[in-house]
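See structure below.
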Amino acid sequence: MSRIAWVSVEALSPREAALNRLSAVMQATGALHAVALLALLALGLLRPEGGAWAAGLASGLVGDAPLFILLGLSANMGAALLLAVALLGQENWAWPLALGAWGANAAALLAWGYLPALALLIPLSWLLWQMWRDRRAYHANPVTIKELRGRMRGARAFAIISVFVLLMGAFTVLLYLITLSELSGLSVVETGQVGRTLFRGVVAVELALIVLVVPALTAGAVSGERERQTYDLLTTTLLPTPTFLLGKMVAALGYMALLVLAAIPLQAISFLFGGISQVEVILSVVGLMATALLLGALGLFFSTTTERTLVATIRVYIFTLALVIGLPIASNVLLGGAYGFAVNGVGVVTSDVGREVGAIYADMLLTSLNPVTTALATQSILVNQQALLTFNVRLATTGELLPVIAPWALLVAFYVAAAGGLLLAAVWQMRRRSV
Amino acid sequence: MSSNIIETRDLKKRFGNFDALQGMTISVPQGAIYGFVGPNGAGKTTTMRILTTLTKPDHGTATVAGFDVLKERRAVRRAIGYMPDEFGVYEDLRVWEYLDFFAACYEIPENARKTLVNDLLELVDLSHRREDMVDKLSRGMKQRLSLARTLAHDPQVLILDEPASGLDPRARVEIRELLAELARMGKTIFFSTHILADVEDICTHIGIVEAGQVVMQGSLDQLKAQLLETRDIVITLLDNQQAEAVKTIALGRMGVRTVEFITPRAGRTRLRVEMIDTDEGIQAFHRALFDAEIVPLGFQEEEKTLETMFMKVTRGLVT
């Protein structure tokens with residue numbers, strides 16, 4: 001029977017067992033948010049006329065409150081799941097994460113009377129109290145420190161960043177020259193066009209880098225230790241499994257974050273030409289980080305499913321490909337890019353309002369699951385709609401305004417939640433295998 | 001339970017078609033230096049992996065420091081320091097960082113780690129290499145660093161898999177001295193080896209394994225006493241004819257167990273006579289040869305070593 005149990009208790013210290021319970025509460029909170037989210041979506045989308053609140057939104061009766069609830073639920077789901085993992089790993093960053101989530105929800109509750117915040121605020125308040133009672137549990141992760149000490153030492157890390165920035169710089173210059181030659185024939189040159197092209201190019205390269213590199217960085221986390229014959233050493237110490245996994249994760253992402261941050265000045269070159277605001281730079285960094293987080297968690301999860309680095313790497317790249325390339329193709333075939341059309345003010349060919357609303361919302365969700373489509377949609381929203389979180393699109397069928405959410409916000413919330421879920425699954429997988 | 005700090009009963013483990021352990025039963029008393037001797041493939045490493053909670057036995061029970069290796073793994077891990085036969089390298093860490101990392105893995109708070117690391121380096125005589133990269137160390141130094149790592153959380157028992165393998169003679173002696181020093185500090189040391197000289201020099205207890213079973217186990221003094229029951233006399237003679245005559249005389253005496261021809265040396269025939277007798281009895285036997293007008297070129301009692309014992313109890317079953 002003990003084999004079926006979540007984890008055999010004898011291998012856990014009393015503190016780990018207590019943290020397991022705290023984490024279970026946050027996992028339940030995250031699951032609750034997920035159920036609420038699905039219920040809301042079902043309510044909004046399932047019926048052929050576009051669902052109750054979608055129809056209400058379209059007729060302007062309801063306002064955009066359901067959208068904010070949807071956004072809030074997604075964000076809190078992500079926060080709860082990530083916190084659940086951080087607690088298991090006894091990470092010191094569980095504190096800023098918990099306090100930040102608490103502060104944001106309290107502010108939303110007070111400022112806008114956002115009642116769904118209570119679903120997170122109540123368990124979170126209890127959690128913060130519990131964390132304070134055993135505050136010595138949270139400390140710097142020894143695995144993170146070890147990994148970073150090894151990785152950042154000497155000339156290698158410095159050289160990699162330098163070469164990366166140099167290559168990115170050369171690429172930017174090349175892009176600039178190409179854009180310039182394209183525009184040279186025109187009598188009126190819009191410099192904002194140049195700025196946007198450069199920005200888009202740099203972000204695209206960074207995204208490609210993250211998609212190609214991050215899965216490999218974490219896919220070897222567990223199997224790499226096995227191959228180095230240090231896995232047994234770690235197993236016989238008292239190092240908790242979640243601490244090991246999160247240590248690998250944070251070290252890999254920290255390195256990636258450094259590369260992304262190092263390229264910000266190149267993104268900022270676009271400011272010279274205009275057409276790009278600070279908001280876009282910040283959003284791009286946030287989106288890239290969220291993508292790196294998800295792919296890192298994906299790699300880590302697969303590395304716990306097999307003993308060989310190669311197998312884990314192949315598995316994670318198959319999933320990454322499906323996510324980055326397969327998903328937009330599928331959504332385009334299924335929904336015909338309804339959301340993108342709506343954002344750009346072009347209607348979908350249908351005569352039914354409900355169907356159009358349904359297609360737009362479904363495509364909005366699918367767009368938000370993919371970093372490429374999200375980046376493209378976000379930029380065109382920022383340019384065409386001047387909006388950050390929610391905005392209105394005009395329906396082609398009736399000419400009414402329909403509120404929608406900017407995809408970047410959904411992407412970040414979804415990715416954080418998925419990463420949290422994957423990390424929990426990785427912890428579960430590894431503990432199960434070690435029994 | 002008794003004063004045994006490691007106790008296993010009838011451990012069995014099967015890997016595919018290979019029976020690694022076929023009823024391994026060992027007991028290691030508190031404070032012992034226990035040499036676990038046997039040929040490669042006899043099940044030494046598997047036993048150690050079971051004791052360190054890395055492998056699950058198919059059958060049988062094992063306790064370390066009174067904790068069950070299956071039911072109280074965490075307590076077992078706290079009680080043991082384990083050194084596997086391969087050195088696990090983090091080639092990109094410095095010596096002190098390596099120890100610092102493992103100390104952190106044993107939940108030693110950061111403010112206590114600095115002094116701990118320095119003390120450990122002092123103990124294994126690596127203070128001067130504190131800032132060097134781990135993979136720049138010689139094999140002997142790595143082994144000493146490994147030993148320091150196993151001591152980070154002050155365990156009661158050290159489980160060391162082939163601590164002296166692949167070391168040059170000097171490094172081997174250093175490790176040996178270190179183990180003796182640790183035993184004086186009150187640690188129980190359970191180590192495997194196939195080098196009998198190591199065992200003879202420092203062990204208080206010994207277990208000889210073959211084909212997944214213990215064939216002989218006990219304190220070294222006990223085993224030596226058992227071994228010394230019979231005495232071996234090697235007699236060197238001029239030719240085969242004399243040797244046959246000696247053989248007949250020997251077999252006619254009380255207390256003689258076996259007589260066998262052994263490899264001739266420098267063209268001289270040699271006989272080994274295994275007998276149970278007093279010094280006076282051996283003198284009488286010697287005199288009996290002169291009475292039969294045979295003058296041996298050599299008449300010498302052979303000193304018994306662990307090696308002879310080892311050869312006697314093992315049958316060379318494992319290749």
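Labels below follow one simple rule: chain letters A, B, ... track the order of the sequence lines, proteins then strands, and each chain is numbered from 1.
Shown here is B/Glu110, whose CD atom has no more than 12 heavy atoms of other residues, nucleotides or ligands within 6.0 Å. More than 12 heavy atoms of other residues, nucleotides or ligands sit less than 6.0 Å from atom CZ of B/Phe15. Within a 6.0 Å sphere centred on CD of B/Glu122, other residues, nucleotides and ligands contribute 12 heavy atoms or fewer. More than 12 heavy atoms of other shown residues, nucleotides or ligands fall within 6.0 angstrom of atom CH2 in A/Trp93. No more than 12 heavy-atom neighbours from other residues, nucleotides or ligands sit within 6.0 angstrom of CZ on A/Arg308.
The CD atom of A/Glu147 sits 7.5 Å away from the OH atom of B/Tyr90 when rounded to the nearest 0.5 Å. Note that OH of B/Tyr82 and OG1 of A/Thr237 are 13.5 Å apart. Values are rounded to the nearest 0.5 Å. Here the CZ atom belonging to B/Arg78 is positioned 8.0 Å from the OG atom belonging to A/Ser13, to the nearest 0.5 angstrom.
Interface remark: B/Arg94 contributes backbone and side-chain atoms alike to the contact with chain A (heavy atom separation under 4.5 Å). Heavy atoms closer than 4.5 Å to chain A are found in the side chain of B/Leu54, but not in its backbone. Heavy-atom distances place no part of B/Met83 under 4.5 Å from chain A, backbone and side chain included. Residue B/Asp100 touches chain A through its side chain alone, counting heavy-atom pairs closer than 4.5 Å. Looking at B/Glu107, only its side chain comes within 4.5 Å of chain A, counting heavy atoms on both sides.
In terms of heavy-atom pairs under 4.5 angstrom with chain B, the leader among A/Leu238, A/Leu239, A/Ile145, A/Thr230 is A/Leu238. Counting heavy-atom pairs under 4.5 Å between each of A/Arg153, A/Arg151, A/Arg228 and chain B puts A/Arg153 at the top. In terms of heavy-atom pairs under 4.5 angstrom with chain A, the leader among B/Ala104, B/Gly81, B/Cys105 is B/Cys105.
Residues B/Arg49 and A/Asp232 are in side-chain contact: their nearest non-hydrogen atoms beyond the backbone lie under 4.5 Å apart. With contacts defined as side-chain heavy-atom distances shorter than 4.5 Å, the pair A/Leu234/B/Phe102 qualifies. Counting heavy atoms from C-beta on, the side chains of B/Arg149 and A/Leu233 come closer than 4.5 Å.
Salt bridge annotation for B/Asp92-A/Arg156: absent, with no cationic side-chain nitrogen under 4.0 angstrom from a carboxylate oxygen.
Within residues 130-142 of chain A, the residues having any heavy atom less than 4.5 Å from a heavy atom of chain B are, in residue-number order, A/Pro142.
B/Leu93 and A/Lys146 make their closest contact through CD1-CG, 3.5 Å (heavy atoms, listed as atom of the first residue, atom of the second, distance).
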